[in-house]
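The next block holds one structure in the form of structure tokens; read it before the comments.
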Amino acid sequence: MRSTAQRSSPLQSPYRYLVVSPSLAGTLLKCYDYPHPLNPHTIIRGYDKAHAFRTAKMCAVVAQHLSHEQSRVRQFQIACLLHDLGRAGLDRQLFGKIWSWARSLNIPTRPAEWRLRYPRSGYGRETEAFVKTYGQALAKEGLPLTKWACEQVEMRLGFARRHRRQLKRVKPLLESLGIRWLPWMEQVTLYYYYPEKLEKSSEWVRELGEILVACEQLEAYSNRRRGTDYYARSKENFREAFRYLDSLKRQGRLRAKVVRAVRQLTASGIFDSILKAARGGKLSRREQQFLRSLQ
């Protein structure tokens, strides 16, 4: 079903490329709002709403370009809108301090990387291993790993566990909206951190997981606010974004078909408004020239 917003001028509507209704998208994005555990009268507004919204629109375009059927694309877009739900309640200042410190010391920030460095850590217990290994060092930096601080750690190293917990929290809402959260939707949303979960999945599930990774990484590398807070990055660079996608292709995380589709669609200009919004409203002439050159 096409939304009325899609029939309006595509250059003016922020709802361009939605295959779900704007009202449903807005309702789902409200799931990122989270009651502050230390102040019950305060709601932590979902930090990743805009990122999820832009990513979900790009993902639908790529999935349609690669000939996925419309009913599947609709479910896929719902999954993409909720793909970062495991970070609902992100405390921007605390999260940033913990992970900027970790990055400065080259400490792994993703589950698979953590297990490579610390193979004795139990699968799914990476958060606990981080707390045990670095808790004292962080306390000396003035960052004691309280229960709330540990949740900020879990948002990266224990993302699957926290994502499932947040889905359980919003399950009554999803049911009231007639949304069934299917197993493949979880596999797709977890692919970036847990590629092993798709090893036995159908080809189309793997492809949707790759599309989500490619699009959300392109948005993340273009996202000025997220780059500063998540990655201590002072400048966004589209060239670096596509270099990263190419590196994921070399690692076997993304196949050439998906990367090629993202490059072609980006070169066509179809994502310009989305990337411009991620940049805070402006693309330089040089950046636009680079995007056109991707074909």
Side-chain angles (χ1 to χ4, degrees), residues 28-39 42-53 55-56 79-105 107-115 117-118 121-135 137-139 141 143-170 185-195 197 212-213 216-217 219-221 223 225-233:
L28 292 175
L29 291 172
K30 287 180 182 177
C31 293
Y32 286 87
D33 295 339
Y34 191 82
H36 199 299
L38 306 179
N39 186 349
T42 300
I43 296 294
I44 300 175
R45 300 299 176 189
Y47 179 86
D48 285 304
K49 283 183 183 180
H51 163 71
F53 184 57
T55 296
C80 293
L81 285 165
L82 296 178
H83 82 273
D84 264 340
L85 191 62
R87 279 194 275 272
L90 183 144
D91 185 319
R92 182 179 175 185
Q93 185 175 22
L94 182 56
F95 183 95
K97 285 181 178 179
I98 292 171
W99 293 112
S100 293
W101 176 86
R103 281 182 172 274
S104 71
L105 297 176
I107 295 170
T109 62
R110 299 182 180 94
E113 295 168 357
W114 178 272
R115 291 194 300 273
R117 179 84 60 86
Y118 302 101
S121 298
Y123 189 89
R125 304 285 295 176
E126 295 86 1
T127 299
E128 289 79 1
F130 178 94
V131 172
K132 182 178 180 180
T133 305
Y134 295 112
L138 276 166
E141 294 290 326
L143 292 170
L145 289 180
T146 62
K147 183 178 180 181
W148 183 229
C150 287
E151 282 205 58
Q152 307 304 310
V153 174
E154 188 180 40
M155 288 177 191
R156 294 200 75 139
L157 287 180
F159 184 79
R161 186 171 63 188
R162 198 169 194 280
H163 193 268
R164 292 191 192 105
R165 198 159 65 241
Q166 299 313 308
L167 281 171
K168 185 176 181 180
R169 175 176 65 88
V170 304
M185 296 167 78
E186 177 175 345
Q187 293 174 334
V188 164
T189 58
L190 296 179
Y191 178 61
Y192 182 60
Y193 281 144
Y194 305 92
K197 292 183 181 294
L212 175 53
V213 167
E216 75 121 351
Q217 290 304 310
E219 200 286 338
Y221 266 85
N223 190 319
R225 180 184 177 192
R226 190 178 170 101
T228 300
D229 294 344
Y230 273 31
Y231 310 114
R233 196 170 60 218

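Everything numeric in this text was worked out from a predicted model, so none of it was measured.
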Original post:
Heavy atoms, side chains only, cut-off 4.5 Å: are T133 and W114 in contact?
Top reply: yes

Subject >> Set of residues satisfying salt bridge (charged side-chain N to carboxylate O under 4.0 Å, His left out) with respect to R165, sequence neighbours excluded >> reply: E154

Subject >> Side-chain donor/acceptor of H163 to backbone N/O of L82, under 3.5 Å >> reply: yes

**OP:** Name all residues meeting the salt bridge (charged side-chain N to carboxylate O under 4.0 Å, His left out) criterion together with R169; count only those two or more places apart in sequence or in a different chain, and write none if there are none.
**Re:** none

**OP:** Please report the closest heavy-atom contact between T127 and L157, naming both atoms and the distance.
**Re:** OG1-C, 3.8 Å

Subject >> From CG (D48) to CZ (F53), nearest 0.5 Å >> reply: 14.5 Å

**OP:** Kindly indicate whether the side chain of I44, heavy atoms from C-beta on, has any atom under 4.5 Å from the side chain of L90.
**Re:** no

Subject >> Short side-chain to backbone donor-acceptor contact, R162 and A88, under 3.5 Å >> reply: yes

Subject >> R87 CZ to Q152 CD distance, which is reported to the nearest 0.5 Å >> reply: 11.0 Å

Original post:
Under 30°, 30 to 60°, or over 60°: which ring-plane class applies to W99 and F130, parallel, tilted or perpendicular?
Top reply: tilted

Original post:
Do D84 and Y32 have side chains that get closer than 4.5 Å, going by heavy atoms?
Top reply: yes

Subject >> Atom of F159, atom of G86 and distance for their closest heavy-atom approach >> reply: CE1-CA, 3.6 Å

Subject >> side chain to side chain contact (heavy atoms under 4.5 Å, CB included) partners for L143, two or more places apart >> reply: L94, K97, L138

Original post:
Does a salt bridge link D33 with K30, judged by any charged N lying under 4.0 Å from a carboxylate O?
Top reply: no

Original post:
Of all heavy-atom pairs between Y193 and P111, which one has the smallest distance, and what is that distance?
Top reply: CD2-CD, 3.8 Å

Original post:
Do you know the tightest heavy-atom contact between A79 and T189?
Top reply: O-CG2, 3.4 Å

Original post:
E219 side chain to Q217 main-chain N or O, any donor-acceptor pair under 3.5 Å?
Top reply: no

Original post:
What residues, two or more places apart in sequence or in another chain, satisfy side chain to side chain contact (heavy atoms under 4.5 Å, CB included) together with R164?
Top reply: A160, E186, L190, K197

**OP:** With sequence neighbours excluded, tell me which residues meet side chain to side chain contact (heavy atoms under 4.5 Å, CB included) with P37.
**Re:** Y34, W148

Subject >> Heavy-atom side-chain proximity of Y47 to D91 below 4.5 angstrom >> reply: no

Subject >> Side chain to side chain, H51 and H83, heavy atoms closer than 4.5 Å >> reply: yes

Subject >> Over 12 foreign heavy atoms within 6.0 Å of CZ, R161 >> reply: yes

Original post:
Are T42 and P35 side-chain neighbours, meaning at least one heavy-atom pair lies under 4.5 Å?
Top reply: no

Original post:
Which value, rounded to the nearest 0.5 Å, describes the distance between C80 atom SG and L28 atom CG?
Top reply: 11.5 Å

Original post:
Could you give the distance from CG (L85) to CD (Q166), rounded to the nearest 0.5 Å?
Top reply: 5.5 Å

Original post:
What residues form a salt bridge (charged side-chain N to carboxylate O under 4.0 Å, His left out) with E113, not counting sequence neighbours?
Top reply: R110

